[in-house]
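Below is one structure, written out as structure tokens; the observations come after it.
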Amino acid sequence: MPHVPSVLFVCLGNICRSPLAEAALRHEAERAGVEVIVDSAGTGSWHVGKGPDPRSCAEAARHGIDIRSYRARQVKTQDFNRFDHVIALDASNLADLRRIAPSDSEARLSLLLDLVPGLEGQDVADPYYGGPEGFETTWEQVTEAARNLAMQLKTGR
Ligand code: 4NP
């Protein structure tokens with residue numbers, strides 16, 4: 001059996017940005033015809049069990065994707081051995097991940113916008129405290145990253 005690559009997206013609350021990244025990669029992988037296991041989680045626990053922020057649901061719906069059934073969860077130790085790629089939405093999330101990763105972690109930790117030429121090293125800004133346009137920017141950024149990641153996975157890199 002060929003190995004099916006797996007990707008976990010991680011933000012702070014798992015209700016705004018990482019659910020959109022999850023939705024975008026599911027969508028782009030399907031378009032690219034590549035099989036991938038996708039999930040998302042938060043470093044924080046405040047929103048565990050809750051659905052995505054209504055503004056994220058609305059943004060996904062604008063692109064024909066229903067994410068209302070997603071449920072927030074907190075990242076856990078086993079994630080670092082279950083997922084090939086653990087991808088942080090911002091530098092603070094990445095720092096948290098590096099701190100909690102077990103020493104035997106085999107996951108590749110990275111920053112999401114490193115997947116987008118010209119935006120390397122940048123954060124996907126947290127849209128939680130802003131208006132709906134922040135969610136549109138988040139969608140555009142996670143979609144571009146997801147498209148590039150789907151291509152990388154397809155070509156086996
Ligand atoms: P997310 O956004 O990390 O993109 O899910 C946030 C959602 C909630 C909070 C922070 C960020 N919060 O502090 O409750």
Side-chain angles (χ1 to χ4, degrees), residues 5-30 36-102 105 107-150 152-153:
S6 52
V7 177
L8 179 69
F9 293 107
V10 178
C11 64
L12 181 58
N14 192 209
I15 57 167
C16 294
R17 292 166 293 171
S18 60
L20 289 178
E22 177 182 347
L25 183 58
R26 290 186 188 285
H27 185 68
E28 293 300 330
E30 193 172 315
V36 55
I37 294 162
V38 192
D39 197 4
S40 64
T43 57
S45 62
W46 312 282
H47 301 283
V48 168
K50 292 202 202 132
D53 187 286
R55 296 165 295 176
S56 282
C57 293
E59 185 58 32
R62 289 207 314 130
H63 303 281
I65 301 172
D66 186 352
I67 63 168
R68 289 173 298 176
S69 65
Y70 290 16
R71 288 296 173 264
R73 72 172 180 88
Q74 190 172 24
V75 69
K76 53 184 186 235
T77 307
Q78 298 98 297
D79 288 323
F80 294 93
N81 291 311
R82 287 204 183 124
F83 290 90
D84 302 314
H85 301 271
V86 178
I87 303 181
L89 276 280
D90 68 29
S92 155
N93 307 143
L94 184 58
D96 287 338
L97 288 169
R98 292 204 196 288
R99 199 169 54 238
I100 63 179
S105 168
R108 277 200 235 172
L109 307 190
S110 63
L111 189 65
L112 183 117
L113 285 179
D114 282 352
L115 286 159
V116 180
L119 296 184
E120 295 95 339
Q122 294 190 31
D123 294 342
V124 176
D126 191 342
Y128 187 63
Y129 294 104
E133 68 286 350
F135 287 78
E136 195 175 334
T137 301
T138 298
W139 178 261
E140 286 164 6
Q141 293 181 339
V142 299
T143 294
E144 201 164 336
R147 192 172 296 148
N148 294 342
L149 179 56
Q152 281 183 19
L153 295 173

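In each ligand, atom 1 is the first atom listed, and ligand 1 is the first ligand listed. Residue numbers run from 1 in the order of the sequence given.
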*Where at least one partner belongs to residues 111-128, residue pairs that pass side-chain hydrogen bond (donor to acceptor under 3.5 Å, both in side chains), sequence neighbours excluded*: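 Those involving residues 111-128 do not exist here.
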Dump the pairs for me: ligand 1 N or O, protein N or O, distance under 3.5 Å, to 0.1 Å.
residue  : atom   : partner : partner atom : Å
ligand 1 : 2 (O)  : Asp126  : OD1          : 3.2
ligand 1 : 3 (O)  : Leu12   : N            : 2.9
ligand 1 : 3 (O)  : Gly13   : N            : 2.8
ligand 1 : 3 (O)  : Arg17   : NH2          : 2.9
ligand 1 : 4 (O)  : Arg17   : N            : 2.9
ligand 1 : 4 (O)  : Arg17   : NE           : 2.7
ligand 1 : 5 (O)  : Gly13   : N            : 3.4
ligand 1 : 5 (O)  : Asn14   : N            : 3.2
ligand 1 : 5 (O)  : Ile15   : N            : 3.0
ligand 1 : 5 (O)  : Cys16   : N            : 2.9
ligand 1 : 14 (O) : His47   : NE2          : 2.7

*Closest heavy-atom contact between Ser6 and Asp84?*
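Looks like N-OD2, 2.8 Å.
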_Shortest non-hydrogen separation from Ser18 to Cys11 and the atoms involved_ =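 Scanning both residues completely, I find the closest heavy atoms to be OG-SG, 3.0 Å.
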_Sidechain N-carboxylate O distance under 4.0 Å for Asp39, Arg73_ =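 Yes, this pair counts.
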_Contacts of Arg147 that satisfy salt bridge (charged side-chain N to carboxylate O under 4.0 Å, His left out) - sequence neighbours left out_ =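 For Arg147, the residues satisfying salt bridge (charged side-chain N to carboxylate O under 4.0 Å, His left out) (neighbours in sequence not counted) are Glu28.
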*Where at least one partner belongs to residues 47-64, residue pairs that pass salt bridge (charged side-chain N to carboxylate O under 4.0 Å, His left out), sequence neighbours excluded*: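 Only Asp53-Arg55, Glu59-Arg62, Arg62-Glu136 qualify under salt bridge (charged side-chain N to carboxylate O under 4.0 Å, His left out).
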